[in-house]
Structures are given as structure tokens and as C-alpha cells.
Amino acid sequence: MAKLDSLLPVANVHKLSNASCAFGVFDGLHRGHQFLIQTTLNEATHYKTRSAVLTFDKDPDEVFHPDTFKKLASNEQRLNDLKQTGVDAVVALPFTRAFAALEPVEFLDVLFGQYLPHSIHIGADFRFGFQAKGTVKDLKKWAEAKGVFVYAHHLQTADGSVICSTRIRKLLQEGSIEEANSLLGHPFRLQGEVLHGRGAGTGMGFSTANIDVPSNLQVLGEGVYAAYAFVENQKYKAAVSVGHAPTFEKKQTASLEVHLLDFHGDLYGKELQIEFLNFLRPLIKFPSIEELISTVKSNIAWVQEHL
């Protein structure tokens, strides 16, 4: 049998021992994930156990579909968000093809090793091991022999459909930011370093901060959005263009152009976090620069008035 030390070296794996543990990938940390983690926290309080989230350092789909998979948050952001949930420990295990190739029972033996939790909380659709052959039934059988409790929770729903990352990705791709945020339970976010852009906005009276978002995080549909931007813990209203504007398609390199209202200073090289709140309009090719300027100023006015 494969050894834990060789396949899954991680410093704090011992914190799973006798813990109430929520297990999943948690892309986007949406309302369904929040329910699962809160239930785990409640159980930990009741039984006076340690609480933990068990996840992976990357989404398994990143390993198997690296060219096509889109996700709701970077791995760094996902793990940071999990640490803010109030659990005692977040254990992020390295996910590799070798680990994924393990048969279900060996997958679990390698995963937990000697550090058996008090309980494992999962969604009712949980699958694991080689070709995702392991089921909730298989997990419960393994756990019963080890003296571990397994709680498979019904998936949370909204408007008659399951809340899941796939549904949220689809909504975001369509530009349905308000509905996506409702399912997330928080605003959808993107972040990145401000780069030098094409400089066109400054001459028109509205300078922009330009951010190039990695392709696997480009899940939000093209368009102009109302948002909040955070710079060094300061919050600003913002109008954000997502995608490549047809008017400047030959000059634009960044995938986000952010105009911060009431900001004065140099943003180049700084980290910017954007929280998207409202869809304002699709990207269109304007017949003239004057009409472009008029529309952008109208978008900025809407943001100033409504946020």
C-alpha cells in the first residue's frame, strides 16, 4: 500500500485526528459549502472536538482538464477564505494523478493514514478515488470499520435547483452577476496586479487600472460591471470592463479595466481586489469616440449614484 508520507506530505495533517471534518474542494465557497462547514463547526462545539476543513491544494479538474477548466477562485484565495470560516485547521493535501489513481479504499487509507477524524461531513453527491468510483456508501463502510462517523448532507437548493459551483460558473459566464452572488452568499471576486495598459482612458478623462486575469479564472462574461475595488484595504466604487473592448480590440492586452471613483494616486504594481455587484451593459463597438466617452461617463455616474 502507498504511504501517506510519500504521496501526501503536509505539515498539519495531524490536526485531522479526532476532528469534526468537512471534506470537499469548496471552489467559490458558496452557500452550500458554507452550510456544510457551519454544520461541522456546530458538531465540533457539541462534542468539544477540533474542527477542520479537509481539501486539496488544487481543484482535481485542474489536473485532468488544465486547458478548459474555469474556476471561481484561485487556490490561494480559496484556502485563505476557508481559513476565515472559523475552523481550527484547514488541511490542504497535494492532489496528483498518482493519488487520484488509487482505488477508493486505498485512497482513504492514504488520505487519512493514522490521523482518523471523529467525523466526516460531505455532500450527498460525494465521489472519490480512481475514476470517482468511490461513493458515499463506500466511505461509510470504510469509516464504520475505523470508528469514524460519516454525515452525507443533502445539497442546498435555491429556486428549485441545487446550489453548486457549476451552476454559478454558468451564471457568471452569462453575466448574471446578481444571481450568482446570491448563490455564492458573497460577491464574486477577482484580483491581480495592476499593469501598464494602452493609456487611452486617461486622455478621455477616466483613467483605468489594468489587470490581466489568468485564463482559468476568466469565468465572468464580457461586459461592464458596477463593483467595489480594494486597494491596500481601502474601498472604492468602481466601473469595470471585463473582456476585450471591440473599439480597442487591437490595442487591449489586459482582461480587466477598472476605473476607481474618487481615487488619486499611482496604482501600477499594486494588488487590486474587485467585488462585482451589478451588470451594466455588454461590450459593444462604438461608432465614434465621442459616443464611447458619453456611455462610459454614464456608467460611472450610475455607479456613483447606486453603490
- prompt: Passes side chain to side chain contact (heavy atoms under 4.5 Å, CB included), Ile211 versus Leu195? Steps please.
  reply: CA-CA 6 Å; Ile211 299 172; Leu195 310 171; over 6 Å; no
- prompt: Within the distance-only criterion (no hydrogens, no angle test), does the side chain of Lys15 pair as donor or acceptor with the backbone N or O of Ala89 below 3.5 angstrom?
  reply: no
- prompt: Are the side chain of Arg78 and the backbone of Gly28 linked by a donor-acceptor contact shorter than 3.5 Å?
  reply: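 Side chain of Arg78 to backbone of Gly28: no pair is present.
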field: Steps toward side chain to side chain contact (heavy atoms under 4.5 Å, CB included) verdict (Phe276, Leu220)
entry: CA-CA 10 Å; Phe276 294 85; Leu220 187 58; 3.6 Å; yes
task: Given side chain to side chain contact (heavy atoms under 4.5 Å, CB included), test Leu29 with Asp81 step by step and report yes or no.
output: CA-CA 8 Å; Leu29 195 56; Asp81 288 346; 3.8 Å; yes
query: Who pairs with Thr135 by side chain to side chain donor-acceptor pair (under 3.5 Å), at least two apart in sequence or on another chain?
result: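 Applying side chain to side chain donor-acceptor pair (under 3.5 Å) to Thr135 gives Asp138.
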message: Just to verify, what does Arg127 make a side chain to side chain donor-acceptor pair (under 3.5 Å) with, not counting sequence neighbours?
response: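 For Arg127, no residue satisfies side chain to side chain donor-acceptor pair (under 3.5 Å) once neighbours in sequence are set aside.
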message: Are Phe99 and Phe107, when compared by the centres of their aromatic rings, separated by less than 6.0 Å?
response: yes
Among all residues two or more places apart in sequence or in another chain, which pass the side chain to side chain contact (heavy atoms under 4.5 Å, CB included) test with [X]?
X	value
Lys170	Glu174
Gln191	Gln77, Glu271, Gln273
Phe126	Phe23, Ile122, Phe128, Val136, Leu139
Thr49	Ser20, Ala44, Tyr47, His118

Mind listing the closest non-hydrogen atom pair of [X] and [Y] along with its distance?
X	Y	answer
Asn75	Asp57	CG-O, 3.3 Å
Ile300	Ala239	CG1-CB, 4.3 Å
Leu277	Glu178	O-CG, 3.5 Å
Ala238	Ala229	CB-CB, 4.0 Å
Glu43	Ser119	OE1-OG, 2.6 Å
Leu41	Gly86	CD2-O, 3.6 Å

message: For the NZ atom on Lys83, are there more than 12 heavy atoms of other groups (residues, nucleotides or ligands in this structure) within a distance under 6.0 Å?
response: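 Counting neighbours around NZ of Lys83, 12 or fewer heavy atoms of other residues, nucleotides or ligands fall under 6.0 Å, so no.
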- request: Please indicate whether His306 has more than 12 foreign heavy atoms, meaning atoms of other residues, nucleotides or ligands, lying under 6.0 Å from its NE2.
  value: yes
message: Under a 3.5 Å cutoff, is there a donor and acceptor pairing between the side chains of Asn42 and Gln38?
response: yes
All N/O donor-acceptor pairs, side-chain side in residues 141-149, below 3.5 Å, sequence neighbours left out:
| residue | atom | partner | partner atom | Å |
| --- | --- | --- | --- | --- |
| Trp142 | NE1 | Asp109 | OD1 | 2.8 |

- prompt: What residues, two or more places apart in sequence or in another chain, satisfy salt bridge (Lys or Arg N to Asp or Glu O under 4.0 Å) together with Lys133?
  reply: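 Once residues adjacent in sequence are excluded, the partners of Lys133 under the salt bridge (Lys or Arg N to Asp or Glu O under 4.0 Å) criterion are Glu103.
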- prompt: Got Val224 and Val240 here, is their nearest side-chain heavy-atom distance under 4.5 Å?
  reply: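 Val224 does not reach Val240 side chain to side chain.
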field: Evaluation steps, side chain to side chain contact (heavy atoms under 4.5 Å, CB included), between Val91 and Thr55
entry: CA-CA 6 Å; Val91 179; Thr55 189; over 6 Å; no
field: Check ion pair Lys71-Glu62 (N to O, under 4.0 angstrom)
entry: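 Glu62 and Lys71: salt-bridged.
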message: Show me the pairs that pass ring pair (Phe, Tyr, Trp, His ring centres under 6.0 Å) and involve residues 61-81, at least two apart or across chains.
response: none
Only distances under 3.5 Å count here; give the side-chain donor-acceptor pairs of residues 160-169 to other protein atoms, sequence neighbours excluded, each with its distance to 0.1 Å.
| residue | atom | partner | partner atom | Å |
| --- | --- | --- | --- | --- |
| Ser165 | OG | Asp27 | O | 2.9 |
| Arg167 | NH1 | Ala158 | O | 3.1 |
| Arg167 | NH1 | Ser161 | O | 2.9 |
| Arg167 | NH1 | Val162 | O | 3.3 |
| Arg167 | NH2 | Ala158 | O | 3.2 |
| Arg169 | NE | Lys70 | O | 2.9 |
| Arg169 | NH2 | Asp27 | OD2 | 2.8 |

task: Determine which pairs satisfy salt bridge (charged side-chain N to carboxylate O under 4.0 Å, His left out) with at least one residue from residues 111-126, sequence neighbours left out, and list them in order.
output: none
message: The criterion is ring pair (Phe, Tyr, Trp, His ring centres under 6.0 Å); which residues satisfy it with His121, sequence neighbours excluded?
response: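 Here the qualifying residues are Tyr151, His153.
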query: Between Tyr228 and Lys235, is there a cation-pi geometry (under 6.0 Å to ring centre, at most 45° from the normal)?
result: yes
message: Before you tell me yes or no, could you show the steps for Arg281 and Thr295 under side chain to side chain donor-acceptor pair (under 3.5 Å), namely the whole-Å CA-CA distance, both residues' side-chain angles and the distance that decides it to 0.1 Å?
response: CA-CA 10 Å; Arg281 63 172 175 85; Thr295 302; 5.6 Å; no
